[in-house]
Amino acid sequence: MELTVDAATATGPLEHFWCSTGFTPASLLLDEDMRQQLAYLGSVPFGGVKYARIHFLLELVRGAGFYDERPDIDWSLLDAGLDALHAEGLKPFFELMGNPGGYFDNFEEDRQAQGWRRFIRELALHCIDRYGLDEVRSWYFETWNEPDHGWWKQSDRAFHIYYDACSNGLRDADAKLRFGGPGTATHMSERLLSLLRHLDGGSDYFTGDRPRVDFISVHEKGAESSLEEIDPDMRGVVEREVALVEHLRKNHPALADVPIMNNECDPQIGWSQTHSWRGRPYYAALIARTVNDHLRRMVDQLGVRYELLSNDNGFLGFWGQRTHLARYGGDGPRKYGRFEQIKKPAHNIMTMLALLGDQRLAVRGEPVLYADLGLLATRRGDEQVAILIYHGRDRIMSSGNQSIDLAIEGLPFDEAALMHYRIDEEHTNPYRLWTAGRRLWAQHVGHEHAELFAAMRNEQELALIDGPRPAQISGGRLTLNLDLPLPAVSLILLTKKPASPPGPVHGLRARRYNGLTGQTQLMLRWHDEGSRALHTYEVLRTEDPDVPPQRVNGPDILCTGYLHVGDDVRGIYRIRAVDQWGRSGEPSEPVHIE
Ligand code: 8U8
C-alpha cells in the first residue's frame, strides 16, 4: 500500500474533540483508587483527557428546604469530589442528575420546577466561587443521563420543565455556561425527538421564549450488552449519528447548526462485562479508527460541528472491563485502599492522539471511508508533522499485516528528528505479561508479585520502536516503510529542532498510595508548558542532597505523572524534561519525601 502525505497542504483545523471519558457513580470520586486513576487521566499530555462525564454528581449534595427561597445546602461532598478532579487538571462534564434531599420527583409541580431552577443557580454560583468563572465556563452542563432508559422516572412534560429549569438556573448564574443534552441511549428515541420538538417550536416554561441549547448529545454504541464475543459495529455508530444529523436538517433546520456529541461512544454496551479485547491493542485501534471515521464522515462530508466524542471508559475495573486501567484489588482490599493499577492500550491511545497537530494534511492514496486501515496526518505550525496510522477492524478475532510505503512530501524543514511510537500485540501491551505471569496469581496479590507488576509498569508506557534519530529528508521529502499488524496503531513524529532546550517543569507534587504487594506507591504529578520536542521526562531522586540524583523511571515517559513504586520510596525528587536531541531542561523544584 502506498500513502503520500502532502505536508505543504493543510486541509483545515483539527479540533481534539475526543479528549473525554466518563464513569459512574459520582461517589467513586471520594475513593483512593479513583483518585489515582484521575492522576493518570490528568497526566495525559496536552490535555489529552480533559473531561470526565459522571452520573449522579448531585447525589453528593445534601440539604433541606429546596422548595424555599433560601435552601440550606451542604456542598461538602460535591466539593471533595470536584476538588479531586480539579487537583488532577480535569474538568467535569456535569450531568445535572440526582435528587438532593429527595425533593425532586415531579417537575410538573411548579414549586419543584422553581426549586430546581434556584438549586441549579446556587450550584453554578457555588462552582464559580470555588473554581473561577473562566474555569466553569469551560465545563459542559448536561441533562440527566439517558432519560429514555429508566434513569428518568417522570413524564415527558416533566423532562421539558426540568430542562428549562436547568437552562435558566445556569443562566441566572452566568449567561455563558454551556448547556445541552439529552444524552439518550436509544437511537432516535421518543424522548430525544420530543426534546427536539420542545427546542424547535416549544416554549421555555419560565420565560415563554424559545428554549436554548448549546449542544445535542446522544449515545450510540457498537454492540449490545452481552457476555458473548460480539463484533462491534463502529461504522454503524457513525451512520446512526449521521441519521440524527439528517433528521435535524430535514425536520429542524433551526437546530441544524447546533454542535453534536456522542458522549458514550463505546464499542459495546455493558462496561462491567468482561471482554478481553478491552484490555488489548484491539480497543486502542478501534478508538483511533472511530475518531478518524467521525472526522471524515461528520466533519468533512457533512460539515457537522462535532463538539465531543467520549468513550465512557473511566470506570474502575479489570482487564476485560471498559476502563483505562486494569485495577487489581477485590472488594476486600478495596475497602482498605490497597490496589495496583496498570495502564491499558485504551489509555495510551489518548496520549498518541494528544500528540497530533492542530491542522490536518492532505493525503494521496487514502483508503476509503471505514476501511480497516487509515491515517490521520497533521502538523503543528512549521515545527512538527504528526501522522497516526491505525489498523483496526469491526471484527474482534482477526489478524494480519499490511506493509505500507509512506511518503511525506512538502515538509517545511530539511532537518528533523523522527520518532515512531507503536501500540500492538508486542508493544505497549502489558496484558500479555499478565497472561504469561498470572500463574503466580492466587487469591491474593502479595510481595511475591512485585516483579510482575514492575514488569507490567515497564510495558505500560507508549513504546518507541524507532528514534529518536535524524530523519532522512531530501528536498522536503521523506519515505518510510512500515509493517502494520492488525490490530495496531503507529504514531510518527517529525520534529524540527527548537532553538532552545525544554523549559523547566513546574508544580511538582506527590501523593502516596498503598499497593497490594506491600510496596509503597508515590504518584508524582507536574505541570509543563509542553515542549512538542519532548523525548522523555526524567524522574530524579537522591536520598542525600550531597549525592547527585539518579533517574528512577525505567521507561521513557511522555505523561506529566509517574508512579514510583518500591520498598524505599523516599528522598528528594525532581523532574526534568529531555528533548529528542538529548538536551535537558531545568529540573523542577524538589519535593521531599520522608
Ligand atoms: C440499551 C441498553 C441495554 C442494556 O442492557 O444496558 C444499557 C445500559 C443500555 C443502555 C444504556 C446503559 O447505560 C449506559 O451505558 C453503560 C454501559 O455500561 O454501556 C454505561 O457506560 C453508562 O454509564 C450508562 O449511561
Side-chain angles (χ1 to χ4, degrees), residues 16 19 35-52 82-92 130-139 343 347 350-351 354-355 358 380-381 383-384 461-462 493 495 497-513 521-543 545 548-553 555-565 569-594:
H16 287 214
C19 54
R35 179 66 192 250
Q36 186 179 80
Q37 159 158 272
L38 297 178
Y40 278 125
L41 295 174
S43 79
V44 174
F46 306 112
V49 180
K50 264 201 206 88
Y51 294 101
L82 294 181
D83 283 357
L85 278 181
H86 191 70
E88 301 299 349
L90 300 167
K91 300 172 187 295
R130 200 169 175 86
Y131 304 106
L133 182 58
D134 287 345
E135 172 63 20
V136 181
R137 282 180 176 171
S138 74
W139 299 359
K343 296 181 186 180
H347 178 72
M350 302 309 282
T351 293
L355 296 177
D358 53 9
R380 190 169 290 274
E383 317 302 313
Q384 191 168 55
E461 303 299 332
L462 204 48
L493 296 180
T495 310
K497 187 174 180 177
S500 34
V505 164
H506 300 287
L508 179 61
R509 56 203 193 274
R511 197 178 159 93
R512 264 179 211 280
Y513 297 92
Q521 306 181 348
L522 188 69
M523 177 61 82
L524 296 148
R525 285 293 320 276
W526 55 91
H527 295 297
D528 187 13
E529 302 302 311
S531 163
R532 294 270 170 180
L534 185 74
H535 177 192
T536 185
Y537 292 107
E538 289 188 325
V539 180
L540 304 172
R541 182 184 65 146
T542 181
E543 294 202 46
Q550 302 283 311
R551 167 173 165 163
V552 297
N553 54 313
D556 292 339
I557 47 178
L558 297 167
C559 293
T560 58
Y562 182 73
L563 191 76
H564 188 216
V565 182
V569 173
R570 73 178 85 87
I572 303 166
Y573 287 83
R574 284 188 163 86
I575 312 295
R576 72 176 175 200
V578 180
D579 76 7
Q580 295 165 16
W581 293 264
R583 298 177 300 179
S584 302
E586 283 296 307
S588 64
E589 292 294 312
V591 293
H592 296 253
I593 305 296
E594 298 293 315

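Keep in mind the model is a prediction, meaning the values are calculated, not measured. For the single chain, residues carry numbers from 1 onward in sequence order.
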Close side-chain approach of [X] to [Y], heavy-atom, < 4.5 Å:
| X | Y | answer |
| --- | --- | --- |
| Tyr573 | His564 | yes |
| Val591 | Trp526 | no |
| Lys91 | Ser138 | yes |
| His527 | Arg509 | yes |
| Leu82 | Pro92 | yes |
| Val578 | Pro502 | no |
| Leu540 | Arg576 | yes |
| Lys343 | Met350 | no |

Inset, instruction - Report yes or no: does Ser588 contribute a side-chain atom to a donor-acceptor pair with the main-chain N or O of Val505 at less than 3.5 Å? - result: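 Absent.
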
Inset, instruction - Say whether, by atom type as modelled, one donor and one acceptor occur between the side chain of Thr536 and the main chain of Ile557 under 3.5 angstrom. - result: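 Confirmed, Thr536 side chain pairs with Ile557 backbone.
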
Quick one: pull up [atom1] in [X] and [atom2] in [Y] and give me the separation to the nearest 0.5 Å.
| X | Y | atom1 | atom2 | value |
| --- | --- | --- | --- | --- |
| Gln580 | Leu534 | CD | CG | 7.5 Å |
| Arg511 | Gln36 | CZ | CD | 10.0 Å |
| Ser500 | Asp579 | OG | CG | 9.5 Å |
| Arg570 | Arg541 | CZ | CZ | 8.0 Å |
| Leu524 | Ser43 | CG | OG | 11.5 Å |
| Asp556 | Leu462 | CG | CG | 10.5 Å |

Inset, instruction - Could you tell me how the ring of Tyr40 sits relative to the ring of His347: parallel (under 30°), tilted (30 to 60°) or perpendicular (over 60°)? - result: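 Rings of Tyr40 and His347: perpendicular, as their planes differ by over 60°.
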
Inset, instruction - Give the ring-plane orientation class for Tyr131 versus His86, where under 30° counts as parallel, over 60° as perpendicular and anything between as tilted. - result: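 Rings of Tyr131 and His86: tilted, as their planes differ by 30° to 60°.
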
Legend entry - Passing option when Tyr537 is tested against Asp528, Thr560, Asn553 for side-chain hydrogen bond (donor to acceptor under 3.5 Å, both in side chains):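 Among Asp528, Thr560, Asn553, the one that satisfies the side-chain hydrogen bond (donor to acceptor under 3.5 Å, both in side chains) with Tyr537 is Asp528.
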
Taking all non-hydrogen atoms of both residues into account, name the closest pair between [X] and [Y] and its distance.
| X | Y | answer |
| --- | --- | --- |
| Cys559 | Thr351 | SG-OG1, 3.6 Å |
| Ile572 | Pro590 | CG2-CB, 3.6 Å |
| Ala39 | Glu88 | CA-OE1, 3.4 Å |
| Ala354 | Val44 | CB-CG1, 4.4 Å |
| Ile593 | Ala510 | CD1-CB, 3.8 Å |

Inset, instruction - Test the Arg532-Phe46 pair against the cation-pi criterion, namely NZ or CZ under 6.0 angstrom from the six-membered ring centroid and within 45° of the ring axis. - result: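 Arg532 over Phe46 ring: yes.
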
Inset, instruction - Show your working on side chain to side chain contact (heavy atoms under 4.5 Å, CB included) between Val569 and Gln521 and close with a plain yes or no. - result: CA-CA 7 Å; Val569 173; Gln521 306 181 348; over 6 Å; no

Legend entry - Glu543, CD atom: more than 12 neighbouring heavy atoms under 6.0 Å: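 Correct, the count exceeds 12.
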
Legend entry - More than 12 heavy atoms from other groups under 6.0 Å of CD on Glu589: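 Open: at most 12 neighbouring heavy atoms sit under 6.0 Å from CD of Glu589.
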
